[in-house]
Amino acid sequence: MTRFGLGLVCAALLSTAGCYRISGPERAKLQVIAEPETARVFVDEHFVGSGAILTREPKELTVGHHRVTIQAPGYFPHDVEVDLPAGTTTVRIALRPIPQ
């Protein structure tokens with residue numbers, strides 16, 4: 001290949017470099033709006049944050065099926081199974097107080 005031909009190939013590759021996007025697996029975000037805000041949130045049995053934090057900063061997770069548990073002292077815990085798509089999914093929950 002001549003220098004001119006090699007130059008054309010390099011120019012062609014450089015001009016298309018911005019056309020391709022290298023990406024990993026799709027990601028989902030889980031936003032939890034909980035009452036009380038101090039409720040602790042677990043995803044697949046791993047602590048991911050409080051309701052107050054996850055309201056402002058949704059947790060990034062893999063797309064797919066997850067088990068979400070929300071609990072707080074003095075309240076009945078709540079479990080929910082979710083299939084998270086790419087993008088942000090919001091779960092709103094008001095935990096029920098345990099009768100005294």
Side-chain angles (χ1 to χ4, degrees):
M1 184 177 289
T2 67
R3 282 188 188 185
F4 180 73
L6 184 58
L8 284 177
V9 170
C10 289
L13 288 174
L14 288 173
S15 68
T16 61
C19 298
Y20 296 99
R21 187 173 147 230
I22 299 172
S23 62
E26 289 185 295
R27 302 299 287 176
K29 288 187 177 182
L30 176 66
Q31 178 184 42
V32 177
I33 301 173
E35 289 290 327
E37 288 185 332
T38 57
R40 294 171 49 91
V41 180
F42 297 82
V43 175
D44 301 326
E45 300 183 20
H46 294 94
F47 176 72
V48 295
S50 70
I53 296 294
L54 295 175
T55 295
R56 294 187 310 270
E57 300 174 26
K59 177 69 175 173
E60 189 172 290
L61 300 165
T62 57
V63 168
H65 189 80
H66 296 279
R67 180 183 173 140
V68 179
T69 301
I70 304 162
Q71 60 188 29
Y75 293 83
F76 289 105
H78 186 81
D79 294 317
V80 62
E81 302 277 331
V82 293
D83 284 312
L84 297 178
T88 302
T89 299
T90 301
V91 172
R92 295 176 190 268
I93 185 73
L95 295 178
R96 292 182 313 140
I98 297 172
Q100 301 280 333

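In this structure the side chain of V43 never reaches within 4.5 angstrom of the side chain of K59, judged on heavy atoms. In this structure, the side chains of I70 and P77 stay at 4.5 Å or more apart for every pair of heavy atoms. When side chains are defined from C-beta on, L30 counts as touching V91, because their heavy atoms get closer than 4.5 Å. Contact annotation: the side chain of R27 approaches that of T62 to within less than 4.5 Å [non-hydrogen atoms, C-beta and beyond].
Minimum interatomic distance between G51 and A34 (heavy atoms only, all atoms of both residues): CA-CB, 4.3 Å. In terms of heavy-atom proximity, L95 sits nearest to A39 at CD1-CB, 4.0 Å. Of all heavy-atom pairs between F76 and I98, the closest is N-CG1, 3.7 Å.
Here K29 contributes atom NZ and T89 contributes atom OG1; the two are 12.0 Å apart, rounded to the nearest 0.5 Å. Rounding to the nearest 0.5 Å gives a distance of 12.0 Å between CZ of R56 and CD1 of I33. Between atom CD of residue E60 and atom CG of residue L84 there is a gap of 11.5 Å, rounded to the nearest 0.5 Å. One distance of note links CG of L54 with CZ of R40; it measures 11.5 Å at 0.5 Å rounding.
Residues V48 and F42 do not share a hydrophobic cluster, defined by chaining ILVMFWY side chains whose heavy atoms lie under 4.5 Å apart. By the criterion of side-chain heavy atoms lying less than 4.5 angstrom apart, applied directly or through intervening Ile, Leu, Val, Met, Phe, Trp or Tyr residues, I93 is grouped together with V80 in one hydrophobic cluster.
In this structure a side-chain-to-backbone donor-acceptor pair under 3.5 Å is missing from T69 to E45. D44 contributes no side-chain N or O that, together with a main-chain N or O of H66, makes up a donor-acceptor pair within less than 3.5 Å.
There is a side-chain donor-acceptor pair under 3.5 Å between E81 and H65.
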